[in-house]
Amino acid sequence: MTMSYPDTYYKQTMAEAKVRPVLSETVECDSVVIGGGLAGLTTALQLARSGQSVVVLEAESVGFGASGRNGGFVSPGYATGSGEIANRTGRDAARQLHLLSIEGVDFVRETIETLKIDSARAQPGLISVLRYDDGSSLKAHADEMKRAYGYELEYLGTNELRSILKSKRYFHGLRDRRAFHIHPLNYLRGVADEVERLGGRIYERSAAIGTALDGAEKTVQTIRGKVRARRVVFTTGGYTGALNGKLNRAFLPIATYVMLSEEAPDLIRTAVATGNAVGDNRRAGDYYRLVDNGKRLLWGGRITTRAASPAGLAQELRREMVGTYPQLEDLKTELAWSGLMSYARHLMPQIGEMQPGVWHCTAFGGHGLNTTAIGGKLLAEAILGQSDRYRLFKPFGLVWAGGYAGLAVAQLTYWKLQAQDWWRERAA
């Protein structure tokens, strides 16, 4: 049996190549998790740590989807702004939600340390950069984070920022030393190993094709097997498909793109002279970081409402890179790939109980690995009766995402935001 990963930098640098079995019988458990990405494996890990019997069904290989092929950023916050969140939840709940996103960062860090997942290659630091001249807004944000959360962000003025990110596109930055970046696929595979060590069972190439969810005992059918469980957890993200219509209608599958440079450490250093990850302030801005001990540059960005050719999008990413760093014009691209994320219309995760014993934890597009991880932790707490913290996400329910019309609106909104970003930069 072989693994089914697309050709990415993460696949090429996987620490181990364990292939897990296909489900080919009827098995029983307390909870069955459908989807072997970060949300699903974190849920399974926390359930297994508390002694529950857990089965994870993965249609391809562990971490096949967005969880195993993203930028690898672990930092607080959500895909939508704190003001939008407070408008919907009230200020106290918005504060609790932000604290959860910080807890998610700490959870991923502690998991790497506790399980000794050295292959996750955790590297400290994230710099958020502005592409227009408004340092006062960043300073105000840093002051607010310190006042409200005791969270330190380091302001970088233009000269200091351009000494490490050698681009005239950037004016100001904030460095978050508690944030970090990792090899997400190795992290996921390390979590999967721990789930199994604790007695959990993970089946690959075992897509769920049917469910019976109304009775006290739920069943999930795969092509060659069946799971009977008291609880079912859907953590399928952008790859949900027709299995759960209510869930599938509640998010938009959005594609994002990543490319990897050739080995050229000296050339790369003329542009990027920091081991911190970098992301700019635009709605679908660039995000990038050095990998392979500074020998290569991993660069992501762009979003589309339908998966385009990674090779074609790599040309657009290259234009962004060279527009930001003209000195990298001769830096060759070795590899490019895409992945599908799930975005709700409200741009927040969707976490909750759809009906008795049927849970969902999805719509993590644009949130970073920390939010996906804390979502899985909250869901496990709810199932175990340890907390009802997942209810903080109740204002962000399974609202219909609008189908094809929703995709069209999302694309128009993206173009509008891009135009606003462009005008702001031109005015700088």
Side-chain angles (χ1 to χ4, degrees), residues 5-15 68-75 118-131 156 158-171 173 175-176 179-187 256-282 284-303 308-339 369:
Y5 298 114
D7 193 14
T8 69
Y9 166 71
Y10 302 123
K11 180 195 177 186
Q12 292 181 0
T13 52
M14 268 194 328
R69 46 174 120 164
N70 55 67
F73 286 34
V74 189
S75 64
D118 297 335
S119 59
R121 301 177 193 166
Q123 301 291 320
L126 168 67
I127 300 174
S128 301
V129 292
L130 268 192
R131 289 171 51 121
L156 303 175
T158 305
N159 291 338
E160 187 177 4
L161 181 64
R162 290 181 181 177
S163 72
I164 53 174
L165 301 175
K166 298 168 185 182
S167 172
K168 291 178 180 170
R169 285 273 175 95
Y170 298 147
F171 289 86
R175 178 188 270 128
D176 182 346
F180 57 101
H181 50 104
I182 65 172
H183 187 302
L185 186 56
N186 280 342
Y187 173 75
T256 189
Y257 302 85
V258 185
M259 68 180 184
L260 178 74
S261 80
E262 64 180 336
E263 277 195 24
D266 294 338
L267 176 57
I268 290 168
R269 207 174 297 115
T270 66
V272 182
T274 176
N276 295 165
V278 182
D280 73 44
N281 62 293
R282 297 170 299 163
D286 301 322
Y287 51 90
Y288 52 93
R289 62 194 184 95
L290 303 182
V291 294
D292 277 359
N293 297 316
K295 293 178 192 161
R296 301 178 188 273
L297 185 62
L298 187 146
W299 188 288
R302 296 284 171 179
I303 60 172
S309 145
L313 263 294
Q315 290 299 317
E316 287 195 38
L317 290 180
R318 271 194 62 79
R319 275 199 294 276
E320 283 285 339
M321 180 183 77
V322 174
T324 305
Y325 296 112
Q327 61 269 51
L328 297 183
E329 188 171 9
D330 294 331
L331 184 66
K332 293 185 177 64
T333 300
E334 266 193 12
L335 194 59
W337 64 91
S338 68
L369 296 162

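- The ring pair (Phe, Tyr, Trp, His ring centres under 6.0 Å) check on Phe73 picks up Tyr287, with sequence neighbours excluded.
- Separation of atoms CD (Gln315) and CE (Met259) is listed at 9.0 Å; rounding is to 0.5 Å.
- In this structure, CG in Asp176 is found 6.5 Å from OG in Ser75, a value given to the nearest 0.5 Å.
- Side-chain N or O atoms of Trp337 include one that pairs as donor or acceptor with a backbone N or O of Arg69 at under 3.5 Å.
- Judged by distance alone, with hydrogens and angles left aside, the side-chain atoms of Asp292 form no donor-acceptor pair with the main-chain N or O of Gly294 at under 3.5 Å.
- For Arg318 against Glu329, the heavy-atom pair with the smallest separation is NH2-O, 2.9 Å.
- Taking the six-membered ring where the residue is Trp, Tyr170 and Tyr288 present parallel rings, their angle staying beneath 30° rather than reaching 60°.
- Nearest heavy-atom pair, Pro124 versus Asn276, reported as atom, atom and distance to 0.1 Å: O-ND2, 3.1 Å.
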- Show the numbers, then the answer: is there a side chain to side chain contact (heavy atoms under 4.5 Å, CB included) between Leu369 and Ile182? CA-CA 9 Å; Leu369 296 162; Ile182 65 172; 3.8 Å; yes
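- Asp330 CG to Lys332 NZ: the interatomic distance, rounded to the nearest 0.5 Å, is 7.0 Å.
- Across Lys166 and Ser163, no two heavy atoms sit closer than the pair CE-O, 3.2 Å.
- Heavy-atom minimum distance, Arg269 versus Asp266: NH1-OD1, 3.2 Å.
- A pairwise comparison of heavy atoms in Tyr9 and Thr13 identifies O-OG1, 2.7 Å as the closest pair.
- Looking only at distances, a side-chain donor or acceptor of Asp280 sits under 3.5 Å from a matching main-chain atom of Asp286.
- Going from atom NE2 of His183 over to atom CG of Leu298 covers 10.0 Å, rounded to the nearest 0.5 Å.
- Not counting sequence neighbours, His181 has no partner by the ring pair (Phe, Tyr, Trp, His ring centres under 6.0 Å) test.
- Counting only distance, with no hydrogens or angles, the side chain of Arg289 and the backbone of Gly279 share no donor-acceptor pair below 3.5 Å.
- Across every non-hydrogen atom of Asn70 and Pro184, the tightest pair is OD1-CG, 3.5 Å.
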- Could you go step by step and tell me if Ile127 and Ile164 meet the side chain to side chain contact (heavy atoms under 4.5 Å, CB included) rule? CA-CA 11 Å; Ile127 300 174; Ile164 53 174; 3.7 Å; yes
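- Counting heavy atoms from C-beta on, the side chains of Leu185 and Tyr5 come closer than 4.5 Å.
- At distances below 3.5 Å, not a single donor-acceptor pair connects side-chain atoms of Arg121 with backbone N or O atoms of Asn293.
- For the atom pair Leu290 CG and Arg296 CZ, the distance stands at 12.5 Å (nearest 0.5 Å).
- Rounded to the nearest 0.5 angstrom, Ile268 CD1 and Glu263 CD are separated by 9.0 Å.
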- Message: For a side chain to side chain contact (heavy atoms under 4.5 Å, CB included) check, start with the C-alpha distance between Asn281 and Arg131, then their side-chain angles and the critical distance, and finish with the verdict.
- Response: CA-CA 7 Å; Asn281 62 293; Arg131 289 171 51 121; 4.0 Å; yes
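- Shown are Leu161, Thr324, Val278; of these, the side chain to side chain contact (heavy atoms under 4.5 Å, CB included) with Ser167 is made only by Thr324.
- Contacts of Phe180 classified as ring pair (Phe, Tyr, Trp, His ring centres under 6.0 Å), with partners at least two apart in sequence or in another chain: none.
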- Before giving the answer on side chain to side chain contact (heavy atoms under 4.5 Å, CB included), spell out for Gln12 and Leu335 the whole-Å C-alpha distance, their side-chain angles and the decisive distance to 0.1 Å. CA-CA 11 Å; Gln12 292 181 0; Leu335 194 59; 3.5 Å; yes
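- For the pair Thr333/Met321, no side-chain contact is recorded, criterion being any heavy-atom separation below 4.5 Å from C-beta on.
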